[in-house]
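Position 1 is the first residue of the sequence, and the numbers go up from there.
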Amino acid sequence: MIIAIDGPAASGKGTIGKRLAAHYRLRHLDTGLLYRAVGKTVLDAGKKPDDRIAAIAAAQALDLSRFNEAVLKSAEVGEAASYVSAIPEVRAALVDFQRNFAVTPPGAVLDGRDIGTVICPDADVKIFVTASPETRAARRAAEYRAGGKTIDDATVLADIRKRDERDSSRSAAPLKQAADAVLLDTTTMGVEDAVKAAIAIVESKRLR
Ligand code: DC
């Protein structure tokens with residue numbers, strides 16, 4: 001089974017993806033890590049994240065075998081990722097890895113922005129996870145605070161709005177709900193309710 005989960009930053013798609021993978025004993029890929037790894041490579045080389053040549057070279061040479069999540073989850077790397085991910089050649093360099101990951105038995109849960117629309121258009125289940133920008137900003141700010149970072153909610157909200165705009169308005173594989181995806185709005189849900197709702201969506205598709 002292949003489950004495609006898409007949605008904006010901090011919508012809860014990563015947590016839901018991990019939990020669905022454990023529940024159905026599938027492998028899990030947080031595809032945002034791929035773009036974050038490209039963004040980080042560009043930053044580490046002292047280049048700007050909108051440097052096309054540097055970003056394409058980084059994507060084509062990326063070691064896809066392991067990722068240091070803790071390092072890649074910073075706000076700075078997320079911002080860089082949202083620039084490099086708008087470059088078509090960067091996306092193209094990462095397609096085969098994602099598709100191979102998805103079809104390797106017993107299947108997988110992939111979360112990102114274009115899984116249901118571009119990477120796995122034939123996924124068995126597609127879920128588009130969303131939440132209001134304010135809720136997503138509050139969640140992100142709480143994560144940063146838990147990690148010992150002081151950052152105010154208004155700054156995080158402004159960043160989230162900027163990221164939404166950039167991810168949705170780019171011409172290469174913009175963030176968009178697939179026509180056959182089920183919408184899951186987690187604005188008023190805690191993690192457990194959101195996971196339960198996601199499992200219910202998978203079950204409703206499996207019974208068809
Ligand atoms: O989900 P995330 O915050 O880790 O994603 C980081 C950036 O990568 C985000 O701004 C958009 C981009 N991204 C993408 O374009 N396509 C994906 N499948 C996953 C992430």
Side-chain angles (χ1 to χ4, degrees), residues 4-18 30-43 47-52 55 59 69-88 90-91 94 110-119 126-179 181-191 193-195 197-198:
I5 306 184
D6 291 300
S11 56
K13 62 185 187 311
T15 305
I16 291 172
K18 256 187 213 138
D30 169 355
T31 64
L33 291 178
L34 307 177
Y35 298 95
R36 285 171 180 267
V38 174
K40 176 151 191 335
T41 307
V42 172
L43 293 178
K47 310 272 186 189
K48 294 241 167 67
D50 58 358
D51 182 330
R52 284 188 71 243
E69 260 197 60
V71 170
L72 295 177
K73 285 292 181 181
S74 76
E76 189 197 13
V77 173
E79 167 94 359
S82 101
Y83 279 102
V84 300
S85 63
I87 302 168
V90 166
R91 306 197 71 83
L94 302 173
L110 281 79
D111 67 74
R113 302 291 189 292
D114 64 338
I115 308 303
T117 49
V118 174
I119 301 295
K126 298 181 187 178
I127 305 176
F128 192 86
V129 184
T130 190
S132 72
E134 291 76 11
T135 299
R136 291 186 283 122
R139 286 178 190 158
R140 242 323 114 82
E143 274 169 29
Y144 288 143
R145 279 194 285 272
K149 253 189 151 183
T150 32
I151 185 155
D152 67 288
D153 288 18
T155 306
V156 181
L157 179 58
D159 280 354
I160 289 254
R161 288 194 193 280
K162 252 195 290 168
R163 285 270 295 281
D164 284 357
E165 169 63 20
R166 215 178 292 134
D167 294 347
S168 315
S169 63
R170 68 181 182 216
S171 53
L175 170 66
K176 195 171 83 191
Q177 182 177 349
V182 178
L183 181 68
L184 174 55
D185 186 336
T186 67
T187 302
T188 60
M189 292 179 184
V191 171
D193 284 345
V195 171

Participant: Quick check: do Ile5 and Val129 have side-chain heavy atoms less than 4.5 Å from each other?
Facilitator: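 Ile5 reaches Val129 side chain to side chain.
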Participant: Tell me, yes or no, whether the heavy-atom count around Lys73 atom NZ, taken from other residues, nucleotides or ligands under 6.0 Å, exceeds 12.
Facilitator: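 More than 12 within 6.0 Å, yes.
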Participant: Heavy atoms only: give me the nearest Ile127-Ala198 pair and the separation to one decimal.
Facilitator: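 Smallest interatomic distance, heavy atoms only, reads CD1-O, 4.1 Å.
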Participant: From Leu157 CG over to Lys162 NZ, what is the distance, rounded to the nearest 0.5 angstrom?
Facilitator: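 Leu157 atom CG to Lys162 atom NZ measures 11.5 Å (nearest 0.5 Å).
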Participant: Are side-chain N/O atoms of Thr155 and Asp152 paired as donor and acceptor at under 3.5 Å?
Facilitator: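 Yes - a donor-acceptor pair under 3.5 Å links their side chains.
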Participant: I need the minimum non-hydrogen distance between Ala197 and Met189, along with the two atoms involved.
Facilitator: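 Shortest heavy-atom separation between Ala197 and Met189 comes out as CB-CE, 4.2 Å.
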Participant: Is there a side-chain contact between Arg136 and Pro8 in this structure, where contact means two heavy atoms from C-beta onward sitting under 4.5 Å apart?
Facilitator: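 Yes. Closest side-chain heavy atoms under 4.5 Å.
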Participant: For the OG atom of Ser74 and the CD atom of Glu79, what is their distance to the nearest 0.5 Å?
Facilitator: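 Atom-to-atom, Ser74:OG and Glu79:CD are 10.5 Å apart.
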Participant: Taking the side chain as everything from C-beta on, heavy atoms only, tell me whether Leu175 gets closer than 4.5 Å to Phe128.
Facilitator: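 Side chain of Leu175 against side chain of Phe128, heavy atoms only: contact under 4.5 Å found.
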Participant: Verify, without hydrogens or angle tests, whether Ser11 (side chain) and Gly7 (backbone) share a donor-acceptor contact under 3.5 angstrom.
Facilitator: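 No, Ser11 side chain to Gly7 backbone: no donor-acceptor pair under 3.5 Å.
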Participant: Could Arg145 and Asp153 be called an ion pair, given the rule that one side-chain N must be under 4.0 Å from one carboxylate O?
Facilitator: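 Here Arg145 pairs with Asp153 in a salt bridge, since their nearest N and O are under 4.0 Å apart.
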Participant: Among side-chain atoms of Thr186 and Arg139, is any donor-acceptor pair under 3.5 angstrom?
Facilitator: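 Thr186 vs Arg139: donor-acceptor pair found between side chains.
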Participant: Is Lys13 paired with Asp111 through a side-chain N to carboxylate O contact shorter than 4.0 Å?
Facilitator: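 Answer for the salt bridge query: no.
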Participant: Kindly give the heavy-atom pair with the smallest separation between Ala172 and Ala86, and that separation in Å.
Facilitator: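 Scanning both residues, the minimum pair turns out to be CB-O, 3.9 Å.
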Participant: Side-chain contact, heavy-atom cut-off 4.5 Å: Lys48 with Tyr83?
Facilitator: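 SC-SC contact between Lys48 and Tyr83 ruled out.
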Participant: Inspect the contact between Glu134 and Arg161 and indicate whether a charged nitrogen and a carboxylate oxygen are less than 4.0 angstrom apart.
Facilitator: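 Yes, this pair counts.
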Participant: Applying side-chain hydrogen bond (donor to acceptor under 3.5 Å, both in side chains), can you list everything that pairs with Arg170, at least two apart in sequence or on another chain?
Facilitator: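 Counting only residues at least two positions away or on another chain, Arg170 forms a side-chain hydrogen bond (donor to acceptor under 3.5 Å, both in side chains) with Ser85.
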Participant: Could you pull out the closest heavy-atom pair between Lys126 and Ala178, with the gap in Å?
Facilitator: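 Nearest pair, atom of Lys126 first, then Ala178: CD-CB, 4.0 Å.
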Participant: Check whether any side-chain heavy atom of Pro174 sits under 4.5 Å from a side-chain heavy atom of Asp167, and report yes or no.
Facilitator: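 Of all side-chain heavy-atom pairs linking Asp167 with Pro174, none is under 4.5 Å.
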Participant: Judged by atom type as modelled, is there a donor-acceptor pair below 3.5 Å linking the side chain of Ser132 to the main-chain atoms of Thr187?
Facilitator: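 No; judged by distance alone, with no hydrogens or angles, the pair does not exist.
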Participant: Which distance, rounded to the nearest 0.5 Å, do you find between the CZ of Arg113 and the OG of Ser168?
Facilitator: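 Answer for the CZ-OG pair, Arg113 versus Ser168, is 8.5 Å.
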Participant: Mind listing the closest non-hydrogen atom pair of Asp6 and Gly116 along with its distance?
Facilitator: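 The pair with the smallest heavy-atom distance is OD2-N, 2.8 Å.
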Participant: I need the Tyr144 OH to Thr150 OG1 distance, nearest 0.5 Å.
Facilitator: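 Tyr144 OH to Thr150 OG1: 13.0 Å, rounded to 0.5 Å.
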Participant: Please check if the side chain of Asp114 supplies one atom and the backbone of Ala173 the other of a donor-acceptor pair under 3.5 Å.
Facilitator: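 Checked: no pair found.
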Participant: Check this for me: does any side-chain nitrogen of one of Glu143 and Arg140 sit under 4.0 Å from a carboxylate oxygen of the other?
Facilitator: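 Yes, Glu143 and Arg140 are salt-bridged.
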Participant: To check you understand the geometry: which heavy-atom pair defines the closest contact between Pro49 and Leu43, and what is its length?
Facilitator: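 Looks like CD-CD2, 4.1 Å.
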Participant: When you compare the side chain of Leu183 with that of Gln177, does any pair of heavy atoms fall below 4.5 Å?
Facilitator: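 They are in side-chain contact.
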Participant: Nearest 0.5 Å, what's the OG-CZ distance between Ser82 and Arg166?
Facilitator: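 Going from the OG atom of Ser82 to the CZ atom of Arg166 covers 3.5 Å.
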